[in-house]
K.L.:
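One structure coming up, written as structure tokens, with questions to follow.
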Amino acid sequence: MSDALQFKTTESPSATRAAPSHRRVAVLGGVYSNYLALEEAIKDARRRNVEAIYCLGDLGAFGPHPDRVFPILIDNDVQVVRGNYDDSIGRGLPDCQCGYTDPRDNHFAAVSYRYTYQQTNERWRPWLAGLPTELRMKIGESRVLLCHGSPRKTNEFLWESTTSTQFLERLCRDHDADVILATHTGIKWRRDLDDDRLFVNVGVLGRPENDGRTNVWYAILEAPSHRTTNEYKHLATESAKRQSATSFANNANDVPQPTERGSHEVLKHGTDKYAVSQPAKGIHVEFVPVSYDHERLAAEMRSEGLPSEFADTILSGHWTTCLEILPGKERRRGRF
Amino acid sequence: MPTSDRSNSCGNPVSLEVLQTNAPRVALAALDTLWFQVGGTICNLRCHHCFISCSPENDKFRFLSLDTCVGYLEESRALGVKEYYFTGGEPFANPEMCDILERTLEFGPATVLTNATLFRDAILDRLQFIDNASIYSLELRVSLDGYSAEMNDPIRGEGTFDRAMDGVRKLAARGFLPILTIARTWDGPDDDVLAAFVKLLRENGYQRPRLKILPLLKLGAEVNRSGGYGAGDFVTHTMMREYDQSRLVCSAARLVTDQGVWVCPILLDSPDAKMGDSLADALRAYPLRHAACYTCWQYGAICSNVASAATASTDA
Ligand code: SF4
Ligand code: SF4
Ligand SMILES: [Fe+2]
């Protein structure tokens, strides 16, 4: 069955289609049937003036009423990548392809898969199976690849603590991307790579991320400001002049402040020169917390007969199942 | 059929015998995992089932030095290695082990396969410091072959159960979450055995035990089930047709020893498994000419922390 997940990216029509270009987009991770969080996230993203909304797949699993998710995505014109769950449900596979080995994890995964499979109307299966395994877009000048687990394997887990920087750089090289966006693990993180490249795991909407908080997360990505490199240099020079004339107390007010990405940092020590490093393709990433009616979701999960362990996670913000896949570092942050 | 009942510390049963000619070759799809035979074949224990007969006296492979490791770590960077594994012998018998881990965690995540019997406080202090200082995880995998001395010691040696449990207790007390790997030496369902392990570990202060059962080769049944391939001792070209090669360690890993780079940890004792002196020398395809390859073919990459989807699949 694992070869199901090796679907080659070349099969994806998106590679040949002209990639859309954006300045500001929202990227949603696994929904896990959490249609309430999905609605909130879309509303929130629209309020924040995004030009497009993408979702990286795993629409079903875990939560109640899987069929409620699809119309929301379609009505809001959300571009969706096929996750392992979508692939399994769409093609009628025997399991969710998460690859658990722990018997307890397997038990809960099977319960969740059976429920989701049974509650997903037949008519959605071809739609799920037909979702692309990757999408491409541009943010500013950067070539962005959107996938579910990793660009090479839909169910590959890319955790912050077990993924080396050089590995991500290799993925970017192999897949002609400056930015790779993924989900699948359930916990958000980001890594700055060489040559101004970037990896972002956007987190998930489906369940909280094992930190004792009930909110879920999505990401907004934005192209760097329109200022050109020369404009930055000019600003830096002006600022330097002013400061050498005054003091170091309140430096570089006019210079763009370091972004989260830290790529146009003001170098202010050691010399008489002030320099601003290349503003880069420096995409700005913001992880956005989403609150939603989690009590209602938990109540619906209970009334649908889903395991109380799942509802507990929604209410407590701590994972109670699927713990085996967590690396030691991520696991230690949680309670169980 | 492989007839040996020995297995390595990953639980892979191995038998070393005549080589197959014209064997199917497996290409290295990408070097995701770099193994270090950091403890050589030197171990403070002498388990009966140790497939490379490690012992305090066996220095066929010696400790890897910090310098050697750093050289390979640096070479591994351009190849995009995702994670590093350390095995032996006993890695913590190597006096430079903590320095090696500290450097490794600048490059990526590390997993150490250990018997947990050498955790002095100074080592634990160091490990804790190294772990906290890195964004990467430092995983410790402890092999146990039973939840009691009666079950474990006949296999791993007199007193080893108590010593390993002492190591696990110390790790747990410092907040480590070691992964206990257990070779599946029993028949029937796993639930009761797992429950016994969980109870044992909780009683020893390890509240969130991570357990991993490693499959043992069930010769007869397995061969019958996979019939149709003309099952024999070796991997045939027919068997490789439509086979997911990513299940094999050698499709994504290589092993560094003090004597050069080997194709995989399983074939350490086979001189023909040496591929060269640098990683660059070792990137070519390797022919599956050993009987051990047949075991891999059946069970896949059971050495990783989380088994591949293939291993875990319900149809496996
Ligand atoms: S502890 Fe591991 S390396 Fe040492 S003798 Fe036992 S199986 Fe071999
Ligand atoms: S023993 Fe296994 S990992 Fe090593 S070469 Fe043979 S098939 Fe590959
Ligand atoms: Fe997924």
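Letters A, B, ... mirror the listed sequences (proteins, then strands); counts begin at 1. None of these values were measured; they are calculated from a predicted model.
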K.L.:
With only heavy atoms counted, which part of B:Leu79 is less than 4.5 Å from chain A, the side chain, the backbone, both or neither?
P.N.:
backbone
K.L.:
What about the rings of A:Tyr113 and A:Tyr85, do their centers lie closer together than 6.0 Å?
P.N.:
yes
K.L.:
Tell me every residue that passes salt bridge (charged side-chain N to carboxylate O under 4.0 Å, His left out) with A:Glu156, counting only those two or more places apart in sequence or in another chain.
P.N.:
A:Arg152, B:Lys82
K.L.:
B:Ser134, B:Gly108, B:Pro189: which one forms the most heavy-atom pairs within less than 4.5 Å of chain A?
P.N.:
B:Ser134
K.L.:
Got a sec, which residues hit salt bridge (charged side-chain N to carboxylate O under 4.0 Å, His left out) with A:Asp174, two or more places apart in sequence or on another chain?
P.N.:
none
K.L.:
Regarding A:Thr320 and A:Thr313, is there a side-chain donor-to-acceptor distance under 3.5 Å anywhere?
P.N.:
yes
K.L.:
Against chain A, work out which of B:Asp191, B:Leu140, B:Asp32, B:Leu177 has the most heavy-atom pairs shorter than 4.5 Å and name it.
P.N.:
B:Asp32
K.L.:
So for A:Arg173, is it side chain, backbone, both, or neither that comes closer than 4.5 Å to the heavy atoms of chain B?
P.N.:
side chain
